[in-house]
Protein chains: 2
Amino acid sequence: MGKSKDWLRGLSLMILGASLCGRASAQDSRSLGLQTWVQPDLNLMPVPASVQLGSGNMKIDPGFTVALTGHTDARLSGGSGRFLERLAKQTGLLMTTSPVNGRTATLVVRVDHDSRPVQELGEDESYVLEVTPAGASIIAPNDLGALHGFQTFLQLVSVAPDGFAAPAVTIKDTPRFPWRGLMIDAGRHFIPLEVLRRNIDGMEAVKMNVFHWHLSENQGFRVESRKFPKLHQMGSDGLYYTQDEIRGLIAYARERGIRVVPEFDLPGHSTAWFVGHPELASGPGPFNIERKWGVFDPAFDPTNEKVYKFLDEFIGEMAKLFPDHFFHVGGDEVNGKQWDANPKIQEFIRAHGLKGNAGLQLYFNKKLQGIVSKHGKSMVGWDEVLDPALPKDIVIQSWRGQASLAEAAKQGYRGMLSNGYYLDLGWSAARHYAVDPMGGTAADLSPEEKQRILGGESCMWSEYVNAENIDSRIWPRNAAIAERLWSPLEVRDPASMYARMHALSAQLEWLGLTHENYSARMLRRIAGPASSEEFHALRTLAEVVEPVKDYAREETAAGPATSETPLNRVVDAIPLESRVAREFSEMVDKYVAAGCRDAASGAQIRAQLILWRDNDAKLQPLMQRSFLVKEVAGTSQDLAAVASVGLAALDALEPGGNTDQAWKAQQSAVVQRAQKPKGQLLLMPAPAIQKLIEAASVGGSCAAAKQ
Amino acid sequence: MGKSKDWLRGLSLMILGASLCGRASAQDSRSLGLQTWVQPDLNLMPVPASVQLGSGNMKIDPGFTVALTGHTDARLSGGSGRFLERLAKQTGLLMTTSPVNGRTATLVVRVDHDSRPVQELGEDESYVLEVTPAGASIIAPNDLGALHGFQTFLQLVSVAPDGFAAPAVTIKDTPRFPWRGLMIDAGRHFIPLEVLRRNIDGMEAVKMNVFHWHLSENQGFRVESRKFPKLHQMGSDGLYYTQDEIRGLIAYARERGIRVVPEFDLPGHSTAWFVGHPELASGPGPFNIERKWGVFDPAFDPTNEKVYKFLDEFIGEMAKLFPDHFFHVGGDEVNGKQWDANPKIQEFIRAHGLKGNAGLQLYFNKKLQGIVSKHGKSMVGWDEVLDPALPKDIVIQSWRGQASLAEAAKQGYRGMLSNGYYLDLGWSAARHYAVDPMGGTAADLSPEEKQRILGGESCMWSEYVNAENIDSRIWPRNAAIAERLWSPLEVRDPASMYARMHALSAQLEWLGLTHENYSARMLRRIAGPASSEEFHALRTLAEVVEPVKDYAREETAAGPATSETPLNRVVDAIPLESRVAREFSEMVDKYVAAGCRDAASGAQIRAQLILWRDNDAKLQPLMQRSFLVKEVAGTSQDLAAVASVGLAALDALEPGGNTDQAWKAQQSAVVQRAQKPKGQLLLMPAPAIQKLIEAASVGGSCAAAKQ
C-alpha cells in the first residue's frame with residue numbers, strides 16, 4: 001500500500017484488497033496481505049470508515065438507472081435526480097432520468113425511515129454502499145446517509161480501459177464528527193447566492209453538513225430585516241440577501257443534507273448595524289459602513305436596555321427565518337475602546353461590580369443568551385463567550401486552538417474547532433490536514449469530555465476574496481479539512497490525501513465551481529492580448545508562486561487594502577497552493593535521497609529548471625505592456641535566478657565541479673534573496689533548489705556522486 | 001502597418017496613426033506615412049468602417065461613469081448597465097452603476113430618436129465613438145448604434161503599462177450588410193436556453209443582429225404549441241422551449257439589438273411533427289423521433305388540404321409568438337421518396353400538370369407562402385424554394401453558394417449567404433473569412449442587384465455538438481464571419497484577423513461563453529485522475545490536432561453516430577482550429593523563407609519538436625488507464641514520429657547531413673502516413689514539417705544553408 005500504510009493500520013474494519021490511491025507495487029500488496037490490485041485506484045475523499053474491495057467493475061453506460069425502493073421523500077428523489085445529472089456530466093453519457101423499479105435498476109437505494117423535518121445535529125448519516133459487476137445498492141437508515149452514498153458512488157466512477165466504470169466494493173461509512181462545517185464571510189465582501197449555491201454543492205460532495213453564514217460585519221449587514229429595514233437598507237450598499245432568497249438557500253442546503261447556521265456578530269464587528277441604528281452603539285454617531293479591514297471600535301452598548309429590546313425583536317425575526325436549532329452570535333474581538341470612552345458605561349461597570357470590560361461582555365452575553373434561548377435556539381459563539389456563568393447548551397467555536405476547545409469541554413461545554421482551518425491564511429492542504437479537533441491538549445480529555453467536541457468548521461474570511469476568486473480559496477483545500485472531520489483519525493497520510501484531492505478537484509468543476517478554471521481567465525485579463533508563448537510564460541510563473549501567508553497580505557507599500565481595492569492582481573489569480581512546486585519538491589527529495597544517481601530524474605529536474613531559467617525572457621513583452629505583469633517582474637527574475645542556481649548545482653555534480661564553501665554561500669545567497677516576497681508572492685521552488693545546493697556541496701549527501 | 005497593409009489600402013476614410021493589430025516597426029509606420037505608434041494595438045473586431053487615432057489614453061478606473069443625455073429608453077439604459085458590468089468584469093474594478101448627469105460622466109451617450117418597437121431589417125445601426133484622455137462619447141441616431149458603440153468601447157479597453165486604458169480614437173462606424181446572423185440548430189440536439197443566451201451575448205459583442213432559431217427537425221420539435229400540443233409533447237423527448245421561455249429569449253435578444261427569426265423546416269426534415277400528427281405525412285405511420293443523422297423520407301403531403309388548414313392555424317400561432325417580420329420555412333432537402341411511393345400523390349401531380357416532385361414542392365411553397373403572408377410575415381427559405389412563381393418579398397438563404405445567391409438577386413429576390421459559413425464543418429477561421437457574400441458570380445451583379453444581397457448567416461448544425469461543447473464550435477471563429485458581414489470588403493488580412501480574434505476570444509469568456517475553458521474540463525474527464533505531467537501531455541497532444549473536416553466525421557468504423565452517441569471523446573474536446581499548430585506553421589514558414597539561417601528561430605523550432613517527440617512516452621500511462629486516451633494512441637505516435645522527422649531535417653541542415661532523394665522519400669513517407677486521420681483527428685503540424693524536409697533536401701530552399 002506504500003504511501004497509504006499509516007492510516008490503514010488504524011482502520012477498525014479490515015480493508016481487503018483495497019487500494020486507496022498511491023501506485024502500490026506487487027510487493028507492497030503482498031506485505032500487507034492484500035489479495036488483488038485493482039485499477040482504477042479508489043479516489044475517495046473523505047475516506048470512508050470501512051472499504052472492502054471486491055473483484056471486477058460495474059460498467060457505467062447510458063442504461064444506468066436508479067430505483068428508490070424503501071422510504072422515499074422529496075429530498076431523496078431530488079437527490080437521485082441530481083445524482084443522475086452529475087453522473088451524466090462526469091461521463092458525458094446521456095442518462096435516463098425516468099424512474100424504474102427495483103428489479104431492473106442498476107442502482108437500488110433503500111432508505112429505512114424519515115429524517116427530521118429540520119435537520120438536527122447528530123442525526124444518523126451512515127450508509128452502506130455495495131458495488132458489484134452486476135449492480136449496486138445503497139442502504140441507509142434515512143435519506144441523509146443515502147445522499148452521502150450517492151456522492152461516494154460518484155467518486156468511484158472513473159474512465160477505465162474499456163469505458164466508464166466503478167470498482168466492485170463494499171463501503172460501510174459513518175462520520176467521525178457530527179458537525180462538519182464551512183463558514184463563509186458574506187460581510188466583508190458580499191458573496192452572491194449563485195456562488196454560495198455552488199459551494200454548498202461542493203460541501204455535499206465532501207460530506208460537510210453545516211453551512212455557517214457569517215452575515216453581519218463592520219463592512220456590511222447582509223440580511224433583509226422587515227422589522228428593522230434600516231439595517232440592510234443603510235448597512236449594505238444594497239448588497240444583501242432578501243428573506244425569500246435566504247429561505248431559498250436554506251431549502252437548497254437542506255436538499256443536500258446541510259444545515260444553515262446564521263451568524264450575527266455581537267457586540268463587536270457591528271459598525272454596519274449602527275449606520276441605520278446609531279442609538280444602539282456605545283459611542284457617538286454618525287456611523288458609516290467600514291471600508292477598511294481590521295478590528296474596529298464600535299460596539300453595542302450593553303448598559304442600554306433598548307439594545308436588548310431591539311435584539312429580542314430582531315432575533316425573534318431571524319429565529320423564524322433560520323430554522324436551525326443553533327444561532328451564532330459571534331462575540332469575538334471586542335476591543336473595548338468605545339466602552340472605555342463612555343463614562344456612563346464605566347459607571348455601569350462599577351455600579352454592577354462587573355470585572356471590567358470582560359465582565360461587561362459577560363453581562364451582555366448572559367442577557368443575549370436569554371434572548372436566543374427564549375426564541376428556542378441554542379447559542380453559538382467564538383471562544384470569548386466561554387464563561388461558567390452561561391448555561392451548558394451553548395456551543396463554543398474555537399478560533400484560538402485546541403487548548404481553548406479542550407478547556408470548554410472540561411467545563412462541560414460543547415465546542416468545535418476552527419483554529420487551523422482558516423482557509424484565507426493560504427496554508428497548504430497538508431498543514432490544515434494535520435490539525436485535528438482532538439489534537440493538542442484535547443487528546444488528554446476523558447471520553448465523556450471528548451464527546452463534547454462536535455467537530456469543526458473551515459472558515460473563509462473574505463477580506464481578499466470576492467465572487468470571482470472565492471471558489472479557488474476554498475477548493476480543493478477544503479476537501480482536506482472535510483476529510484479530517486469525517487474520516488477515521490488514522491487517515492492522515494498527506495501524499496495519499498494530495499493524490500485524492502487532485503482527483504476530486506477535477507470532479508468538483510462539474511458542479512460549476514470555478515477553482516480550476518478561474519485562474520486562466522484572470523491571467524488573460526492580467527496579460528491583455530498575448531501570443532500563446534507570452535501567455536504560456538505568464539502561466540509558468542503563476543504556477544510556481546503562492547500568495548504570502550497568514551496576515552502578511554496586509555503589509556503593503558501601497559498602504560492597507562480596503563473593501564474597494566481591486567482583486568485583479570497576480571496574487572489574486574493564483575491558487576493558494578502550487579501543485580507544480582510541490583511535485584517538483586517531491587522529485588528533488590527523491591533524487592537527493594537516492595544520492596543524485598538517478599540520471600532520468602536528474603534529466604527531468606534539469607528540463608524543468610531550463611524552462612524556468614528561460615521563462616523571464618519570454619515574459620518581458622508582457623511586462624512592457626501590462627502593469628499587472630510588471631508587478632511580478634522581480635519574482636520572474638528570481639525564478640530565473642534560482643533556476644540557474646539549480647542548474648549550477650546539477651552541473652556541480654558532474655566530475656570536476658566546484659562546490660566549495662564559497663560556492664555554496666554564493667548560490668545560497670541567491671536563493672535566500674529570492675525567498676523574500678515580492679508583489680506579495682512567494683517563490684515556491686526555492687527551498688527545493690536550496691536542497692540541491694546542500695546536496696551538491698562538499699559534505700552534502702550527493703557530493704560522493706561525483707566520484 | 002506590416003500585416004494589416006492590405007485592407008488598409010481600401011478603407012474609404014483615412015486612418016491616421018492607427019494600428020489595428022500587428023506589431024508595426026518604426027520603419028513600417030514611416031513607409032505608410034503614419035504619424036504615431038500607439039500602444040496598445042486596437043483589437044477591434046469587427047473592424048469599424050473608419051478609425052482615426054488620437055493621442056494619449058483615457059484611463060479606466062472605478063470613477064468611470066456613463067450618462068445618457070439624449071433620447072433614452074429601457075433598452076438603452078439596460079444596455080448601459082450591462083456595459084458597466086462587463087467593464088467591471090473585464091478589468092476587475094468595482095464600477096459605480098448609479099446614473100450620473102452629462103456634465104460629470106466620463107462616457108456620455110447621446111441618442112437622437114426612437115428605434116422600432118419590433119426591430120426591423122435595415123434600421124440604422126451607425127454610431128460615432130470618440131475617446132479622448134478627458135472622456136468619451138457615443139453619438140447614434142438610435143439605441144441600436146449606441147449598443148454597438150458600447151461593444152466597441154469594451155474592445156478598446158485593455159490592460160496598459162500604468163493601469164487599464166482605452167486609446168484616444170474617433171470611430172465612425174456602420175455595417176456593410178443589414179442581415180448578419182447566426183443560426184443555431186436546436187432540433188438535432190436540444191440546446192438549453194442559458195446556452196442560447198450566452199451565445200446571443202457573444203453575437204452582440206461582434207455586432208451580429210439576427211438569431212436564426214432552427215426549431216424543428218427529424219430529431220425533434222422544440223416549440224410548445226398550444227394549438228397542437230402533440231407536436232412538442234410527442235416530438236421532443238420533453239426537450240422543448242415553452243412559449244414563455246421563447247418570449248423571454250426574444251426579449252433578451254431584442255435588448256441586445258438582435259432579431260429572432262424562427263425556422264420550421266417544411267415539407268421535409270419533418271419526422272418529429274408526424275410522431276403526434278401522422279395524418280400530415282405523405283407516407284404511412286406510425287412515426288418515431290429520428291435518432292440517426294442524414295436526410296430522411298418523411299415529408300408533408302402537399303396534396304392534402306388538411307395540411308394547409310393545420311399549417312394555417314400553426315403558423316398563425318407562431319406568427320404571434322415570434323414578432324419578427326420574417327418567418328423561415330426551411331424547404332431544403334426533400335428527397336421525394338414518400339411522394340414517389342404514394343400513388344395518390346403521383347396522381348395529383350399528373351392531374352394538376354405539375355413538373356414532378358419539384359413542381360409539387362413549388363405548389364406547396366406557393367400555398368405556404370400565402371399562409372405566411374396572410375399572417376403578416378415575409379417568408380424565408382433555403383435555395384430550393386427559389387422560383388419565379390413566388391412573390392418578390394421572399395428571402396433566399398443560400399446553403400449552395402454565391403452563384404445560387406446571385407441567381408436569386410438577378411431574379412429580383414433578396415438573399416443572404418450561408419454557404420461557406422457552416423461552423424460545423426471545422427474550417428479554419430481564415431477559410432470562412434475569405435468567403436464573401438459578394439464574391440464569386442455575385443461580384444458581377446449590377447448595383448441594383450447587389451442591393452438585394454442582405455448579408456449572411458453562419459450556421460451551427462448540431463449533429464456533433466451539445467450544450468457542453470457548442471460554444472467551442474461557434475467561437476471564436478464566428479467572429480471572423482461577423483467581421484466579414486460588418487466591416488468594409490477591404491478588411492481581409494488573415495494575420496490581422498487572427499491576432500484580433502484571439503484577443504476577442506479571451507474577452508468573450510467574460511460573457512459566460514465556455515469555448516476556451518471547456519476543453520480542459522473535458523480533457524480531465526478523458527484523462528481521469530492524472531499527474532500534472534500526464535495531463536500536460538494530453539493537453540500537448542490535444543493542442544495540435546483538429547477534428548476531421550467537412551462531413552468526414554460521419555465515416556466511422558463503429559458505424560454512424562446517432563443523437564444518443566456520447567460526445568465525450570478527444571475529437572469533441574478540442575477546438576476546431578489549432579492555434580499552436582498555426583503559430584508553429586508560421587514560424588516554420590518564416591524560418592524557411594529566411595533560408596533557415598536564423599539560429600534563434602531554429603532553436604525555437606527544435607525545442608518545440610523535442611517536446612512533441614517526447615510527448616508520446618509521457619502519455620503512455622493514461623493510455624493504459626483510459627479508453628478515451630487509448631483512442632488517440634495512434635495520433636500520439638504520429639506526433640512523435642513527425643517531430644523526429646522534423647528534428648532530422650534540422651540536423652540535416654548541419655554540415656555533413658545527408659539529404660539525398662532516398663532520405664527525402666523516407667522522411668516524407670513518415671509525414672504522409674501521419675496525415676491519415678486516426679480517431680477522427682488530423683495532426684496539424686504535419687504540413688509544416690513536410691516543408692522542413694523539402695527545404696532541407698537537396699535542391700531545397702535551405703540546402704545551401706549547410707555551406
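Lettering of chains follows the sequences in order, A, B, ..., and the numbering in each one begins at 1.
Using a 4.5 Å cut-off between heavy atoms, A/Gln604 touches chain B through its side chain atoms alone. The part of B/Ala527 that comes within reach of chain A is its backbone (N, CA, C, O), which places non-hydrogen atoms under 4.5 angstrom from that chain. Heavy-atom distances place the backbone of A/Ser563, and not its side chain, under 4.5 Å from chain B. For A/Gln624, the part lying under 4.5 angstrom from a heavy atom of chain B is the backbone only.
Atom NZ of A/Lys618 sits in a crowded spot, with more than 12 heavy atoms from other residues, nucleotides or ligands closer than 6.0 Å.
Of the residues considered (A/Ser505, A/Gly528, A/Gly163, A/Ala503), A/Gly163 shows the highest number of contacts with chain B, using heavy-atom pairs under 4.5 Å. Counting heavy-atom pairs under 4.5 Å between each of A/Thr565, A/Leu93, A/Asn517, A/Leu94 and chain B puts A/Asn517 at the top. Between chain B and the options A/Met522, A/Arg569, A/Glu516, A/Met623, heavy-atom pairs under 4.5 Å are most frequent for A/Glu516. Counting heavy-atom pairs under 4.5 Å between each of B/Gly92, B/Pro62, B/Pro566 and chain A puts B/Gly92 at the top. The greatest number of non-hydrogen atom pairs below 4.5 Å with chain B, out of A/Glu533, A/Arg521, A/Glu509, A/Glu564, is found for A/Arg521.
Residues forming a side-chain hydrogen bond (donor to acceptor under 3.5 Å, both in side chains) with A/Arg188 (at least two apart in sequence, or on another chain): A/Asp185, A/Glu217, A/Glu463. Taking B/Tyr498 as the reference, nothing meets the ring-ring contact (aromatic ring centres under 6.0 Å, His included) condition, with sequence neighbours excluded.
Across every non-hydrogen atom of B/Phe627 and A/Phe164, the tightest pair is CE2-N, 3.8 Å. Considering all non-hydrogen atoms of both residues, A/Arg525 and B/Gln90 come closest at CD-O, 2.8 Å. Scanning both residues, A/Lys630 and B/Pro161, for their nearest heavy atoms gives NZ-O, 3.1 Å. The minimum heavy-atom distance between B/Ser532 and A/Arg579, with the atom names listed, is OG-NE, 3.3 Å.
Here the rule is side chain to side chain contact (heavy atoms under 4.5 Å, CB included) with B/Val159, and of A/Ile526, A/Leu622, A/Leu628 only A/Leu628 fits it.
Between A/His536 and B/His536, the ring planes lie tilted relative to each other; the angle falls in the 30° to 60° range.
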